[in-house]
Every structure is written in C-alpha cells, then in structure tokens.
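To keep things clear, I will list the structure first and then write my remarks on it.
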2 protein chains.
Amino acid sequence: MESEELRNVGLKVTTPRLKILSLLENASEKHMTAETIYRQLGESGEVIGLATVYRALAQFEAAGLVTRHQFDGGQTVFELERGPHHDHIVCVRCGRVEEFYDKVIEERQRVIAAQLGFTLSDHALTLYGECNDPACRESKA
Amino acid sequence: MESEELRNVGLKVTTPRLKILSLLENASEKHMTAETIYRQLGESGEVIGLATVYRALAQFEAAGLVTRHQFDGGQTVFELERGPHHDHIVCVRCGRVEEFYDKVIEERQRVIAAQLGFTLSDHALTLYGECNDPACRESKA
DNA sequence: TTGCACATGAGAATTATTCTCATGTAGGAT
DNA sequence: ATCCTACATGAGAATAATTCTCATGTGCAA
Ligand SMILES: [Mn+2]
Ligand SMILES: [Mn+2]
Ligand SMILES: [Zn+2]
Ligand SMILES: [Zn+2]
C-alpha cells in the first residue's frame with residue numbers, strides 16, 4: 001500500500017500524495033515532469049495544485065521514494081525509486097529513455113572519486129544518441 | 001590568437017566575443033556561469049550586456065569552442081573546450097570541481113549504447129561527493 | 001473530539017534564460 | 001578608403017520552470 005510508504009518516511013497520508021504516487025506507479029512512461037503529472041491528474045478528474053505536485057515530489061525525493069533527473073534540454077523528470085540504481089540513455093530525436101546498469105562503470109566511479117580524495121555520495125550519468133526507431137535513423141544533420 | 005578561433009568557426013570578431021573568450025581563458029576557475037562572466041567583465045571595466053554573454057556562449061557551444069555543464073542544484077556552467085574530453089566530480093559542500101578522464105568508462109558507454117541499439121553521440125557524467133578540504137569533511141548530516 | 005502541526009490551492013514572486021527591436025559595426029565588395 | 005548590408009549588441013520585456021506566501025483545510029496523536 002502506498003499509505004505505508006508515506007508513513008514509513010514520516011509524511012502524512014494525504015490524497016494528493018497518494019494520487020501522485022499511484023500515477024507514478026501506473027503511468028506508461030516512468031520518467032515524468034511535474035507538469036505532466038499535474039496535467040494527467042487533472043485530466044483524470046483529480047485536480048491537484050501544481051505547487052503541491054512540486055512540493056510532494058521534492059519531499060518524495062528527500063525521502064528517497066523518488067529520484068530526479070535533468071536530461072539535456074528537456075525539463076526535470078521524476079521517477080519512482082523502485083528496484084536497484086540505474087542510469088539512462090536518451091534518444092536525441094524522439095526523447096525515448098532507456099535504462100541500464102553497468103557494474104564496471106559504477107566500480108570505476110568509486111575508484112576515481114577515491115583517487116581524487118572525494119567521498120562519493122552520488123553521480124549522474126546520461127548517454128545521448130539516436131535510437132533504433134526508423135523515424136529517428138533517417139534524420140539529416 | 002582568439003580572433004583566429006572566431007574566424008575559423010565563422011563568427012565575426014567582435015569585442016564582446018573576444019573579451020568573453022579571454023576571460024574564460026584566464027579566469028582562475030575554468031567552469032563559469034553566464035552571470036559570473038557578465039559580472040567579472042563588468043568589474044574589470046568591460047561592460048557587456050548579459051544577453052550578449054548568453055548569446056555568445058550559445059554560439060561558442062554550437063561551434064565547439066565551449067562546453068556546457070548542468071551540475072545538480074547550481075546553474076549552468078561553461079568552460080573552454082581546450083584539450084581532450086573529460087568528466088567532472090563536484091564537492092557537494094564547497095562546490096569545488098575536479099576533472100577526470102577514464103578510458104574504461106568511456107569504452108563501456110560505447111558498448112552499452114550499442115547493446116541498446118543507440119548510436120552514441122554524447123554523454124554527461126558527473127560525480128558528487130565531499131572533497132578532502134578540512135572544512136568540507138567536518139559537516140554533520 | 002479536539003488541537004495543532006502540517007498540508008493544500010491559488011496566485012504572486014523569483015530565477016535563469018531567451019526574445020524583441022532599435023541601433024551599431026565587421027568586413028567583403030567596390 | 002568608402003559603402004553596404006548582414007550580422008551583432010544592449011536594454012529591457014517576455015518566458016518558463018520552479019518556489020514562495022498566505023489564507024484555509026485536514027491528518028492524526030492525545
Ligand atoms: Mn530511470
Ligand atoms: Mn571541465
Ligand atoms: Zn528515437
Ligand atoms: Zn569541498
């Protein structure tokens with residue numbers, strides 16, 4: 001139950017929070033902007049203030065329920081933090097997002113941080129390219 | 001000469017462009033925000049419109065003279081594209097930025113993109129952590 | 001059941017960046 | 001050297017994303 005998740009992180013169980021969580025849970029695209037969440041909730045009759053969406057997402061992030069990504073160009077996207085850590089590759093044509101995890105890269109990051117005298121706490125890795133969709137392949141320039 | 005660089009990429013040689021390039025060249029911190037560039041130029045008597053700074057940086061980026069980075073939290077920073085590609089590690093306490101290059105990571109990225117059916121065109125990797133400065137080490141939380 | 005700390009909605013405010021437009025100028029052609 | 005014109009600039013308005021303010025509502029511990 002999503003109510004549990006909220007209680008576990010010390011947040012009151014409210015309708016807006018539950019709606020946002022369950023939208024993130026069920027939406028077809030798991031990486032969503034605050035604006036999209038706001039709009040989709042509105043369309044399905046659940047009108048919630050945009051400021052509330054931003055507030056809730058920030059709280060979810062602080063609580064570790066959600067992660068935030070800033071892909072080049074586009075606006076900030078959020079996703080439910082279920083399952084293990086992963087990074088992303090984004091199609092520069094259609095915007096499609098795929099996820100991946102690479103043990104070697106993760107390991108190298110730790111080594112590099114240590115070498116430079118840093119205590120690693122986080123990282124952001126995003127690859128950009130053209131995906132294998134026919135429409136994306138036939139672009140000029 | 002910086003005039004050469006501008007001509008080579010098909011941009012007219014103008015005072016604002018030269019000033020911005022030479023500031024990027026000589027500044028103590030090589031990763032600078034548009035705002036900082038604007039302010040530092042102003043302080044040294046070279047008043048240039050902020051819009052011009054943004055425009056020039058965008059053109060330099062398009063021409064490959066400059067790269068743009070979006071570190072978490074802070075605003076966009078620019079740096080002169082001299083020397084080979086590298087990624088960054090940022091101290092979450094003091095904001096210090098160090099650079100690194102890791103052949104293994106670069107190589108893995110290519111493999112991963114290929115596996116996912118993408119033609120890799122770019123990537124952004126930034127590590128975050130606490131640097132070895134005494135002041136940064138003694139923070140609580 | 002009540003009290004109150006916390007949450008919400010609406011809109012204003014803020015911040016970073018881009019756009020508009022009137023004016024200036026680099027640099028190729030003459 | 002002078003001219004012409006496409007491109008560049010500055011100032012401020014405009015935009016877009018996000019955050020803040022504040023009056024009002026509500027979860028939930030006592
Ligand atoms: Mn993801
Ligand atoms: Mn750098
Ligand atoms: Zn694509
Ligand atoms: Zn530090």
Quick one, B:Glu106 with B:Lys103, criterion salt bridge (charged side-chain N to carboxylate O under 4.0 Å, His left out). Give me CA distance, side-chain angles, the key distance, then yes/no. CA-CA 5 Å; B:Glu106 301 288 328; B:Lys103 184 172 287 199; over 6 Å; no
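- A heavy-atom distance below 4.5 Å is found between the side chains of A:Glu2 and A:Ser22.
- Ring planes of B:His85 and B:His123: perpendicular class, angle over 60° (limits at 30 and 60°).
- Between B:Leu23 and B:Tyr38, every side-chain heavy-atom pair lies at or beyond the 4.5 Å cut-off.
- Within the 4.5 Å cutoff, no side-chain heavy atoms of B:Glu81 are placed close to those of B:Val66.
- For the segment residues 20-36 of chain B, no residue has any heavy atom less than 4.0 angstrom from an atom of DNA chain D.
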Validation: residues 7-16 of chain A side-chain donor-acceptor distances under 3.5 Å, sequence neighbours left out:
| from | atom 1 | to | atom 2 | distance (Å) |
| --- | --- | --- | --- | --- |
| A:Arg7 | NH1 | A:Glu4 | OE2 | 3.2 |
| A:Asn8 | ND2 | A:Glu4 | O | 3.3 |
| A:Thr14 | OG1 | A:Arg17 | N | 3.4 |

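- B:Leu21 places a side-chain heavy atom less than 4.5 Å from the side chain of B:Phe60.
- A heavy-atom distance below 4.5 Å is not found between the side chains of A:Glu98 and A:His88.
- A 4.5 Å side-chain heavy-atom check between B:Val90 and B:Thr126 finds at least one atom pair inside the cut-off.
- To the nearest angstrom, C1' of D:dA16 lies 15 Å from OH of A:Tyr38.
- B:Ser121 approaches A:Gly129 most closely through the heavy-atom pair OG-CA, 3.5 Å.
- Summarising the geometry, the separation between CZ on B:Phe60 and P on D:dA8 is reported as 11 Å, rounded to the nearest angstrom.
- Looking at B:Glu99 and B:Lys30, their side chains come closer than 4.5 Å, going by heavy atoms from C-beta outward.
- In this structure, the CZ atom of A:Arg68 is 15 Å from the P atom of D:dA17, given to the nearest Å.
- For B:Arg108 (side chain) and A:Ile105 (main-chain N/O), no donor-acceptor pair under 3.5 Å exists by modelled atom type.
- Annotation: proximity of residues 69-77 of chain A to DNA chain D (heavy atom, distance under 4.0 Å) is found for A:Gln75, A:Thr76, numbered in ascending order.
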Please produce a list of atom pairs where a protein N or O lies less than 3.5 Å from an N or O of nucleotides 28-30 of chain D.
| from | atom 1 | to | atom 2 | distance (Å) |
| --- | --- | --- | --- | --- |
| D:dC28 | OP1 | A:Val13 | N | 3.0 |

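- In this structure, A:Phe118 places its CZ atom where more than 12 heavy-atom neighbours from other residues, nucleotides or ligands lie under 6.0 Å away.
- Between A:His86 and A:His69, the two ring planes are tilted [angle within 30° to 60°].
- The shortest side-chain heavy-atom distance between A:Leu57 and A:Leu24 falls under the 4.5 Å cut-off.
- Of all the residues in residues 52-59 of chain B, B:Tyr54, B:Arg55 reach under 4.0 Å from DNA chain C with at least one non-hydrogen atom.
- Here the C1' atom of nucleotide D:dA17 and the CD1 atom of A:Ile37 are 14 Å apart, to the nearest Å.
- For DNA chain C, the outermost nucleotides in 5' to 3' order that have an atom under 4.0 Å from a heavy atom of chain B are C:dA16 to C:dG27.
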